[in-house]
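Throughout, protein chains are lettered first and strands after them, A, B, ... in sequence-line order, and every chain is numbered starting at 1.
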Amino acid sequence: MKPQIAELLSAAVASLKAQGTLPADLEPRIQIDNTRDKAHGDLATNLAMMLAKPAGKNPRELAQLLVDALPANTLVEKVEIAGPGFINFYLSDASTASLVKAVLEQKEAYGRNNDGAGRKVQVEFVSANPTGPLHIGHGRGAAVGDCICRLLEASGWDVTREFYYNDAGAQINNLALSVQARCKGLTPDDAGWPEDGYRGDYIVDLANSYMNGDTVESADQSFTGAKDADDLESIRHFAVAYLRREQDLDLKAFAVDFDVYFLESSLYSEGKVEAVVKTLIDNGYTYEDGGALWLRTTDFGDDKDRVMRKKDGGYTYFVPDVAYHFDKWQRGFERVVNEQGADHHSTITRVRAGLQALNASIPQGWPDYVLHQMVTVMRGGEEVKISKRAGSYVTLRDLIDEVGRDATRYFLAARKADSQLTFDIDLARSQSSDNPVYYIQYAHARVCSIFRKLAEAGQSWTLAEGLAALPKLELESEKDLIVKLGRFPEIVKVAANNHEPHSVANYLRDLAGDFHTYYNSEKTLVDDADVRNARLALAEAVRQVISNGLGLLGVSAPQEM
RNA sequence: GCGCCCGUAGCUCAAUUGGAUAGAGCAUCGGCCUUCUAAGCCGAGGGUUGCAGGUUCAAUCCCUGCCGGGUGCGCCA
């Protein structure tokens with residue numbers, strides 16, 4: 001509805017310019033706000049206050065001129081000037097009816113837009129190292145990242161979900177040594193236990209499986225262990241494959257699917273790391289010092305230069321990172337979003353600096369980053385820190401097993417990524433209105449229930465009947481509900497652009513609340529057929545929007561509860 | 001010490017990118033089921049938006065300085 005109102009205002013501005021009331025070179029950004037208070041109408045604009053200064057008029061006077069210059073239309077019932085110079089719009093019955101119609105006709109497509117216009121965007125998220133089960137932090141990344149993908153898809157982007165994992169570094173070596181120690185019957189308290197070895201129970205399971213000669217198959221590899229505790233290479237391969245499979249199961253339980261698993265080792269084997277290093281040297285952004293090769297990242301805003309190649313000849317982690325992101329660029333992703341934990345924040349400057357130093361015409365702020373803060377898990381009012389399986393942290397799987405997939409996804413996606421999150425297990429498990437997930441799903445199930453009751457009564461409803469009866473939606477509560485439905489497309493658009501899925505969760509909570517209130521105050525299945533058909537149309541529209549919204553969060557929309 | 005994030009009701013969090021009287025839920029208290037699912041609804045109390053300045057017609061939002069919490073600051077990833 002906003003774009004239509006903006007058009008009206010734009011026409012009003014044009015005619016005031018033509019009259020000479022406004023300077024001809026003025027190109028105002030027309031901003032339409034949803035009103036917070038119904039007393040201010042349905043939509044409002046601050047345009048008159050913005051233009052007061054350049055026009056040399058007081059805001060209220062200018063507001064009146066703008067209102068007088070608005071073209072005739074059927075959208076708006078009434079326009080008022082209020083406060084310091086706000087222009088408030090009251091939507092007509094015809095326009096609210098058209099909103100319900102739009103929802104019912106567009107169905108699953110309602111709320112989608114075409115901002116992306118089919119362009120390619122890649123979202124990299126989770127990207128956990130294959131050294132253990134996914135923890136709650138990875139869960140947050142998985143939930144937020146996947147929801148961002150869903151939002152971008154709903155905005156017309158061609159989305160690739162990608163998982164990058166480090167299968168080449170020192171921690172993999174550490175993993176192999178830890179498994180080997182377990183194969184040899186050592187425990188973390190024994191003398192020969194590797195320094196900083198992984199201590200969790202899952203290492204024991206892994207070692208047993210290896211010594212058993214099991215074959216593990218994961219998303220991208222299959223490997224059979226050599227059953228030999230002295231074959232460190234075999235242990236390494238087995239351990240990586242085994243833990244990849246574990247993570248695959250975690251992600252599957254969480255309903256997160258990736259299109260691409262990208263192996264760090266491939267950057268080396270395909271010469272991409274060497275190629276990037278050569279380019280950086282050729283471009284003159286490097287120097288040797290103390291036996292190491294440095295990249296002059298300070299040329300691109302870093303606070304100190306960074307070592308690329310260590311004294312021992314190995315590369316530091318950010319070199320393959322740069323090679324990886326250059327590869328993303330070459331794959332044609334105009335837009336890339338990296339969702340990761342805020343503790344890896346320091347990589348951003350380095351990766352962007354490395355990309356700039358390639359002189360490859362990569363835009364300066366590329367790629368985008370979404371960083372999420374820590375998650376604290378609470379149960380019974382106390383912080384939970386340990387899981388049996390992993391030993392030192394709460395795993396995603398534990399959480400899904402305990403509170404279910406829907407609640408876990410909702411809770412992890414419903415908060416702004418950049419604030420710390422407290423995950424209350426008791427709340428997430430509760431099957432009552434305390435729990436926002438059930439609250440929203442219940443609203444959906446209630447609508448389904450109404451239609452079941454309708455069928456039981458031997459009555460029916462068709463889209464045509466519903467649309468024809470829309471003028472019967474005369475109550476204020478009905479109109480409020482419709483206006484809220486009308487806001488959904490904007491919620492999706494803004495959430496997608498800002499990479500902020502939490503606003504969808506908040507919107508749904510709000511919409512469900514409005515519906516529950518309405519449901520309790522007005523009976524839908526009344527005797528008057530026209531009123532009944534109109535209310536059924538509204539209920540179905542609410543159901544559709546809740547269903548679409550939950551879909552964006554990856555949460556199910558049950559028919560009954 | 002430096003960088004980044006956060007600070008809003010007792011608790012968990014919003015606030016449509018600078019708009020009107022800062023909103024929900026939980027918790028507390030009081031009401032509503034012979035009527036479409038009570039996994040629900042209605043009502044009440046609860047605030048100097050960490051502090052102090054600045055910009056603006058207008059600041060929770062932008063700027064500066066403090067205070068408090070988190071996190072990073074390796075030739076680890």
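Counting only heavy atoms from C-beta on, A/K2 has its side chain closest to B/U16 among B/C41, B/U16, B/G19. The side chain of A/M374 sits closest to B/G70 out of B/G70, B/C36, B/G72. Of all nucleotides listed (B/A20, B/A14, B/A39), B/A39 comes nearest to the side chain of A/M561. For A/D418, counting side-chain heavy atoms from C-beta on, the closest listed nucleotide (B/C5, B/C36, B/G19) is B/C5. Which of B/A39, B/U71, B/G19 sits closest to the side chain of A/D343 comes down to B/U71. If you check B/C6, B/C41, B/C75 against the side chain of A/K310, the one that comes closest is B/C75. Nearest nucleotide to the A/Y438 side chain, out of B/A15, B/A39, B/C36: B/A39. The side chain of A/R36 lies closest to B/A15, out of B/A14, B/G19, B/A15.
Counting non-hydrogen atoms under 4.0 angstrom, A/A82 reaches a base of the nucleic acid.
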Distance-only donor-acceptor hits, side chain of residues 411-419 of chain A, under 3.5 Å, sequence neighbours excluded:
residue : atom : partner : partner atom : Å
A/S419  : OG   : A/K416  : O            : 3.2

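At least one side-chain nitrogen or oxygen of A/T422 sits closer than 4.0 Å to the OP1 or OP2 atom of B/C13. In this structure, A/K484 does not reach the B/U16 phosphate: none of its side-chain N or O atoms is under 4.0 Å from OP1 or OP2. Between B/A24 and A/R509, no contact under 4.0 Å exists linking OP1 or OP2 to a side-chain N or O. Close to B/G74, at under 4.0 Å from its OP1 or OP2, lies no side-chain N or O of A/R306.
A donor and an acceptor atom never sit less than 3.5 Å apart when one is taken from the side chain of A/D424 and the other from the base of B/U12. For B/A22, the base has no donor-acceptor partner in the side chain of A/D37 [N/O atoms by modelled type, under 3.5 angstrom]. Put simply, the side chain of A/D33 and the base of B/G19 share no donor and acceptor less than 3.5 Å apart.
Aromatic stacking is marked for A/H40 over B/A20, as both cut-offs hold: 5.5 Å for the centres and 30° for the planes.
Checking A/T297 against A/D302 by side-chain atom types alone, a donor-acceptor pair falls below 3.5 Å.
Scored by the ring pair (Phe, Tyr, Trp, His ring centres under 6.0 Å) test, A/Y410 finds no partners at all (sequence neighbours excluded).
Taking a pair as Watson-Crick or G-U with both hydrogen-bonding distances under 3.5 Å, the stems of three or more pairs touching RNA chain B are B:1-7 with B:67-73, B:10-13 with B:23-26, B:28-32 with B:40-44, B:50-54 with B:62-66.
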